[in-house]
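Only heavy atoms go into these numbers, but all of them, side chains included; no hydrogens, no water, no symmetry mates. Chain naming here is simple, since letters A, B, ... match the order of the sequence lines and numbering starts at 1 in each.
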Amino acid sequence: MNLYEYLGKDIFRQNGIPVPDGYLVEKPEDVRKYIKPVVVKSQILLGGRGKSGGIKFARSDDELKNGVRELLGSEIRGLKVTKLLVEDMIDIKKEMYVSISLNRTERKPMLMATTEGGVEIESLPHEKIFLRLIDPLMGYSDYIGREASSFMNLSPEISSQFRSIVSNLYKIFVKYDCELAEINPLVVTGSGSLIAADAKVVIDSDSLFRHKEFNVVDPEKTKLELEAQSKGYSFVEMDGHIGVIANGAGLTMATLDALTLHKGKPRNFLDLGGTDSVDIVVTAFDLVLKANPKAILVNIFGGVTKCDTVANGIVEAKKKFNIKQHIVVRLSGIHEVEGRQILKDNGIDAFSDMMSAIETVVKLGSGSQ
Amino acid sequence: MNLYEYLGKDIFRQNGIPVPDGYLVEKPEDVRKYIKPVVVKSQILLGGRGKSGGIKFARSDDELKNGVRELLGSEIRGLKVTKLLVEDMIDIKKEMYVSISLNRTERKPMLMATTEGGVEIESLPHEKIFLRLIDPLMGYSDYIGREASSFMNLSPEISSQFRSIVSNLYKIFVKYDCELAEINPLVVTGSGSLIAADAKVVIDSDSLFRHKEFNVVDPEKTKLELEAQSKGYSFVEMDGHIGVIANGAGLTMATLDALTLHKGKPRNFLDLGGTDSVDIVVTAFDLVLKANPKAILVNIFGGVTKCDTVANGIVEAKKKFNIKQHIVVRLSGIHEVEGRQILKDNGIDAFSDMMSAIETVVKLGSGSQ
Amino acid sequence: MSGLVDENTKVIVQGITGHQGKFHSGEMVKFGTKVVGGTSPGKKGQSVNGIPIFETVADTMSVKPNATMISVAAPYVRDAAFEAIDAGIKLIYILTEHVPFHDTMEILYEAKRKDIVMLGPNGPGITRPGYAKIGIMPNHIFKKGDVAVASRSGTLTYEIVGSLTNAGFGESTVIGLGGDPVVGLTYIDVLKLFQEDKDTKNIVLVGEIGGNNEELAAAYIKKNITKKVVAYITGRSAPPGKRMGHAGAIVEHGTGTAESKIKAFNESGVSVAEYPVDIPKLLR
Amino acid sequence: MSGLVDENTKVIVQGITGHQGKFHSGEMVKFGTKVVGGTSPGKKGQSVNGIPIFETVADTMSVKPNATMISVAAPYVRDAAFEAIDAGIKLIYILTEHVPFHDTMEILYEAKRKDIVMLGPNGPGITRPGYAKIGIMPNHIFKKGDVAVASRSGTLTYEIVGSLTNAGFGESTVIGLGGDPVVGLTYIDVLKLFQEDKDTKNIVLVGEIGGNNEELAAAYIKKNITKKVVAYITGRSAPPGKRMGHAGAIVEHGTGTAESKIKAFNESGVSVAEYPVDIPKLLR
């Protein structure tokens, strides 16, 4: 889960990483009296906010109020701005970059740092970036920061601040179960202090049970995705029109792929999971129906899940929600014959092989209704 | 460094281990109004305080005041009582024991626990004690507490409290650089709660640079030992009359041993260390003289330390402090000839072999003077 | 594969009285696996599916297990895995989904430190028809044969194994690596084992979006694998930045795409099936 | 002893510009040790005793060190040792005194995990006349010979080595294990090496109060050592509960006494000298 900048900065502040003083604005009344130059920053989870007009500079009370008025409620690249961070302007002498992230390939935390901050790290030539894996059992220790400082040619004064920041950033990475803890830019001010001008903190959603402090709504999930999550489903909204229910993440993805290769456009990803229960099927239909698909494809390989249970769930859902859309079902595995019979008896297309189901639903979903 | 019970209990309290409510009394005015039954406990670093009369129970205001009056300033087995801990009396149903300590043989932390607490752990039969080494890299995890609970046959309610206490005790062991963190007794109260009735916390003195919170005087060191420590010397007072200055802990011990085997009684252990400086020698004499020895033995094997430097230091000390006692010196190693010449020139006995110096100083030290 | 699972494998189930532990310990026994014990605090002396229950893993040492299936809730996986590592169990399979990856990393490196193999989390386990099964794969889909399958998925693996068995093939070993961003065994680890395994003639790799383990596997195959390898990659249609059910199935900053993986396999001479059902055809 | 120090040993000194680092790096060079580099932050490009200074241990990899002497202040030892471990240096000797033993434990087990030997802390190092010296033992006391010495002390070791050399003996290897309660190499570790070492015919163990490593060594000698072993134990006169200079030299709860150690050696057939000066006599 990607945290808003202001939450990331709260974490930084609490863990010894210097950040500018600032406050959150959610409604015009939240704006405080202008005292000194500030930056008004839209709290949206997009790179390049500044270029998209999401950041305003204010050197007077009027500019501050105007900036807030312009940004609050505006829309930036499709995202509505509901929160602003008003922060002291900092005197930027230089912009650097530092992050700790999970390196999936090596299965270790990785430190990345460069003196060329303020741009996307991916855009920089490889040789400008200090890149170092960290042994997860040994963790971070000062020598790693010294290696980085040496690579980056930092002066002793900057190096000692930098190493303290990296050390705290690694502590944050571990303490808050981060996938990423990034400071870009890490600013060197005119007076030679280091300060985190931005904060990107991505938390492992699987760790939230031990981080009640982040009991916040994931800002990158749609309303329907959040509802599905609260009910225990993996659900992803997509932009097509064929609703999909399958069991297992891999099989569900394979179903979406097969649909796409057949020029069918899936409306969603929904994984039933491995549980064998009629109710779970019924609720899955409830969710998919809320996405208004033109047709619904159910693709089940019965391993632990039994095909007749799923069939009963489909029949119950059809009655309960009075489903008008075509439902195309593929059932294979345990109790598949019984399952298909239940469906046939209730007027639902049922196949044993996946490809026939795919072809049929694509035809029905793109056609009349 | 061994911490007083009240300091250990402060640590317990701050780290989630339940302890009785209590307060410290250093002068009679510190005593608070009697509200409920309390225990008045002498803060001295001795086992078996209770048996030696160092603990009083008070069930009335009079008893409380009398208890404090009797204990404060009293002497228990040679130790003066200057601090009392006044604590709520607890309803003891059962006394257990738990500790985390360094196992030097295995070089790992070790958990010890038994349901037979309240006595010295060494007095218990081995088979009654749950004893388990902990991998220092993996640390403590709940399964270790479950193993202990299972061994001790604890009820689920007691086990869950016990495991939380052991988990916190291990955290304390690591966080405060402990040699030992011991609860004896760990009391099961009448209402089935666990509470630490005593606290024995021994801190690694070498870790004090990162534990400014324990910036307290080591209560087990003599005044002279503390002075020597503040000046950077390893110094131990003993009960003999021959002052000893040597270089290296091992050689100093060997010198004491040789004296003892020759029926000489050393007054102290003083290790000059490996530094080559006249001043260090002079200050060493200052310390040894404060112990009023009958004679002084200096035993130097010159490796890094040079014998002539030591000789010059001895001569300077003799003048500066107007030393009347016999000084017997053994110098061997780098610049030994020069060193012995310097001493001879100043009327000081100087040998090249250790045994002759030992024999001479024992003779002189036990003789006239 | 005898390094992982064979006729000498003796399994315990940590969390044997839970929903999954109870059901799948029974299924494992039916498959022929030697399930020698289970743990469930407070239930020592009882039994499940004829399997004795112990208080701790240390207590199960009396029945000499050399493998464990961990089926406890995600917050307790680290403790359970450390318990197994500390007891010296040589194969640790974690069934549980939603284990924080920081925990998985710790478990993985502690296991490596003590020469312990970790499989999972969030995978269906390992099945070797004729020998043993540790995990949750459905018993009925298997037939003993010479195809080894490694996958990051559960049900998709069953689909593919089912289609192999239906097409007249059989399986030597089927292993689910797990759907998390950090897992114990990787494709390269199991490719090594498959190459050495005398029972294996053909290899099927089932990959998905996220990370670059498939790309690394492709490069490894080109250099080291002489047996026939075919692959299937899922997630072509996944929107970037979205986790597709598996915590590890995500395209981030343009990396971990299905295209990249398919390209890598093709460049290594590994045929990639368009649909799961095409795999048997590619093996003929 | 070629496992620890030999003609291929290339040493760096971490903290080479400190008082000890500067003096002893020069003494090591005089002894014939290949000191290939040192570290001291902020001084890269400079040199000490003709030895080039680097910014980090990683940077010293250009001169291919395989051993390090750590001579930084106690609060920084953990970082320096981790740096050396991470760089893969195979022998880590820590000179520094007063390292918190919790740090030492961590260093020790991280080193073990990566098959790295740790010597010290708080010991004088290792000297192999004719090959190399890592540490602070005075050069002039040695003569090449067949006596191996292992000790927990510094100066006492020099005293004994001096008396051996004066008595016409010479030394194959002299190793100071360190005076702390937790140290890397133990008597048993070095006894194994001494037993295998062709240059060694006689072994001297110098022990002291605290812990039970001498007792363990005595038992090990009885079972495994065929060479002649003599011992000296110091601390007979130490008052209980007092640390005698070394953090590890303390009699606690009646354990770790000199009597116990002397008894153990005697029972294993190892003669124990009454005075350091008696050691050469016992070897004749």
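- Contact annotation for A:Glu225: only side-chain heavy atoms (C-beta onward) come within less than 4.5 Å of a heavy atom of chain C.
- In this structure, no portion of A:Pro266 lies under 4.5 Å from any heavy atom of chain C.
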Q. Stepwise, does the side-chain contact (heavy atoms from CB on, under 4.5 Å) test hold for A:Phe301 with C:Leu156?
A. CA-CA 8 Å; A:Phe301 186 91; C:Leu156 178 58; over 6 Å; no
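- Contacts of A:Ile358 with chain C are absent, with no heavy-atom separation under 4.5 Å from either backbone or side chain.
- Against chain C, the residues from residues 204-212 of chain A that qualify, each with a non-hydrogen atom under 4.5 angstrom away, are A:Asp204, A:Asp206, A:Ser207, A:Phe209, A:Arg210 in number order.
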(Q) Assess the residue pair C:Arg243 and A:Val236 against the criterion (side-chain contact (heavy atoms from CB on, under 4.5 Å)); give the C-alpha distance rounded to whole Å, side-chain angles, the decisive distance to 0.1 Å, and a yes or no. (A) CA-CA 8 Å; C:Arg243 289 186 195 278; A:Val236 178; over 6 Å; no
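- Neither the backbone nor the side chain of A:Asp271 comes within contact range of chain C; no heavy atom of the residue lies under 4.5 Å from a heavy atom of that chain.
- Of all residues spanning residues 231-241 of chain C, those with a heavy atom less than 4.5 Å away from chain A's heavy atoms are C:Tyr232, C:Ile233, C:Thr234, C:Gly235, C:Arg236, C:Ser237, C:Pro239, arranged by number.
- Note that OG of A:Ser332 is 10.0 Å distant from CD1 of C:Ile141, once rounded to the nearest 0.5 Å.
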Q) For A:Phe173 and C:His102, what are the C-alpha separation, side-chain angles and deciding distance, and is it a side-chain contact (heavy atoms from CB on, under 4.5 Å)? A) CA-CA 9 Å; A:Phe173 181 77; C:His102 281 265; 3.3 Å; yes
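- Between the CG atom in A:Leu137 and the NZ atom in C:Lys112 there is a gap of 11.0 Å [rounded to 0.5 Å].
- Sorted pairs that involve residues 99-109 of chain A and meet salt bridge (charged side-chain N to carboxylate O under 4.0 Å, His left out), not counting sequence neighbours, are lacking altogether.
- Residues meeting the side-chain contact (heavy atoms from CB on, under 4.5 Å) test with A:Ile11, sequence neighbours left out: A:Leu3, A:Asn15, A:Ile172, A:Tyr176, A:Val201, A:Phe214.
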Q.
Applying side-chain contact (heavy atoms from CB on, under 4.5 Å) to A:Met354 and C:Tyr275, what does each step give before you reach the verdict?
A. CA-CA 9 Å; A:Met354 178 168 147; C:Tyr275 303 101; 5.6 Å; no
